Amino acid sequence: ELPGVPGELPGVPGEHCPPPCSCTALGEAGGSRVDCSSRGLRSLPALPRLTRSLLLHNNSLASIPAGALDGLRGLRQLDVSHNPWHCDCRILYLKLWLQDFSAPALARLRCSSPAELRMKPLGQLSGNELGPCKSILPTKCLQFFWRDLVLIAAAIVTLVLALWALKGCRKLVCQLLLRARLLGRQRCKAR
């Protein structure tokens, strides 16, 4: 086991162990085991992309930032128990993520605050209990929304320009045909 020091994890190229965690390369299985338990963490450190096992129990984490776990596609084990979870809008990301990842892990988590939700299981929280949540989407989702909105607007402008060009071409063709007929009549009269 290696303490969190800058530098690559052995056997896991391009992966770094975040201080103050300790990391173990998982050999044949690939990836790493990242143990950040009992480190007094108040925020989530930058995690190796190839993390397979993540231990975050017994810290001072109140929430997990939206999108923070989305890049850990190979994650197989997660322990986030025994943290003082603050159950407001910021906890919604963790709740929804754990619903997909591990219902039993979600069932073990309890709110520490606010007082009216103390000891309530996180999995049983309703939207009303979280208060008015204005923005629960991770920033990446909002960026995709604006990108998609711009693409839709560009498609509409392109379609309008194409229809306008088609109308102009149609008018031009009609004018050319009319001129061709007039020229044909004038030639007939000249003979």
Side-chain angles (χ1 to χ4, degrees), residues 1-5 9 12 15-26 29-149:
E1 200 166 289
L2 298 171
V5 292
L9 284 166
V12 190
E15 296 284 292
H16 301 277
C17 188
C21 306
S22 62
C23 299
T24 307
L26 295 177
S32 58
R33 177 179 185 263
V34 180
D35 185 355
C36 300
S37 59
S38 303
R39 302 295 203 293
L41 295 177
R42 292 185 178 277
S43 62
L44 193 66
L47 299 168
R49 189 177 43 81
L50 296 176
T51 299
R52 300 288 181 257
S53 173
L54 178 57
L55 306 176
L56 292 167
H57 61 281
N58 210 20
N59 278 295
S60 298
L61 297 171
S63 67
I64 301 285
L69 301 172
D70 293 348
L72 305 179
R73 304 231 184 266
L75 194 63
R76 299 289 173 257
Q77 178 192 10
L78 175 66
D79 186 351
V80 291
S81 60
H82 304 291
N83 279 288
W85 300 112
H86 181 73
C87 295
D88 65 1
C89 288
R90 290 173 293 188
I91 202 71
L92 190 54
Y93 166 77
L94 180 62
K95 179 183 186 238
L96 295 173
W97 194 89
L98 282 173
Q99 281 176 344
D100 291 339
F101 181 76
S102 172
L106 177 60
R108 288 189 297 269
L109 297 187
R110 304 226 179 264
C111 298
S112 291
S113 60
E116 63 272 11
L117 297 177
R118 185 166 176 72
M119 296 309 293
K120 182 154 187 176
L122 179 58
Q124 293 178 8
L125 288 181
S126 68
N128 292 336
E129 292 170 306
L130 294 173
C133 296
K134 292 182 181 177
S135 176
I136 61 169
L137 295 174
T139 304
K140 290 179 183 176
C141 290
L142 292 175
Q143 288 169 346
F144 286 128
F145 169 77
W146 289 113
R147 183 204 64 193
D148 291 347
L149 192 61

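Since the model is a prediction, treat every value here as computed from it, not as a measurement.
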- Message: If we count only N and O atoms by modelled type, under 3.5 Å, do the side chains of Ser113 and His86 hold a donor and an acceptor together?
- Response: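 The criterion, which ignores hydrogens and geometry beyond distance, is satisfied for His86 and Ser113.
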Considering only heavy atoms from C-beta outward, does the side chain of [X] approach that of [Y] to under 4.5 Å?
| X | Y | result |
| --- | --- | --- |
| Leu125 | Cys111 | yes |
| Leu61 | Val80 | no |
| Cys23 | Pro18 | yes |
| Leu44 | Leu69 | yes |
| Ile64 | Trp85 | yes |
| Leu78 | Trp97 | yes |

Find the distance between [atom1] ([X]) and [atom2] ([Y]) and round it off to the nearest 0.5 Å.
| X | Y | atom1 | atom2 | value |
| --- | --- | --- | --- | --- |
| Asp79 | Arg108 | CG | CZ | 6.5 Å |
| Ser63 | Leu94 | OG | CG | 8.5 Å |
| His82 | Leu109 | NE2 | CG | 9.5 Å |
| Asp35 | Ser22 | CG | OG | 4.5 Å |
| Ser81 | Leu56 | OG | CG | 9.5 Å |
| Leu75 | Asp70 | CG | CG | 11.5 Å |

Could you pull out the closest heavy-atom pair between [X] and [Y], with the gap in Å?
| X | Y | value |
| --- | --- | --- |
| Arg52 | Leu26 | CB-CD1, 3.5 Å |
| Leu117 | Cys87 | CD1-O, 3.5 Å |
| Arg33 | Leu55 | NH2-CD1, 3.0 Å |
| Leu41 | Cys36 | CD1-CB, 3.6 Å |
| Ser53 | Gln77 | OG-OE1, 2.6 Å |
| Met119 | Arg110 | O-CD, 3.2 Å |

Any donor and acceptor pair, going by atom type alone, linking the side chain of [X] with main-chain N or O of [Y] inside 3.5 Å?
| X | Y | answer |
| --- | --- | --- |
| Thr51 | Leu54 | no |
| Asn59 | Gly40 | yes |
| Arg73 | Gly71 | no |
| Arg39 | Pro20 | yes |

- Quick one: do Ser112 and Arg118 satisfy side chain to side chain contact (heavy atoms under 4.5 Å, CB included)? Show the steps, please. CA-CA 5 Å; Ser112 291; Arg118 185 166 176 72; 4.1 Å; yes
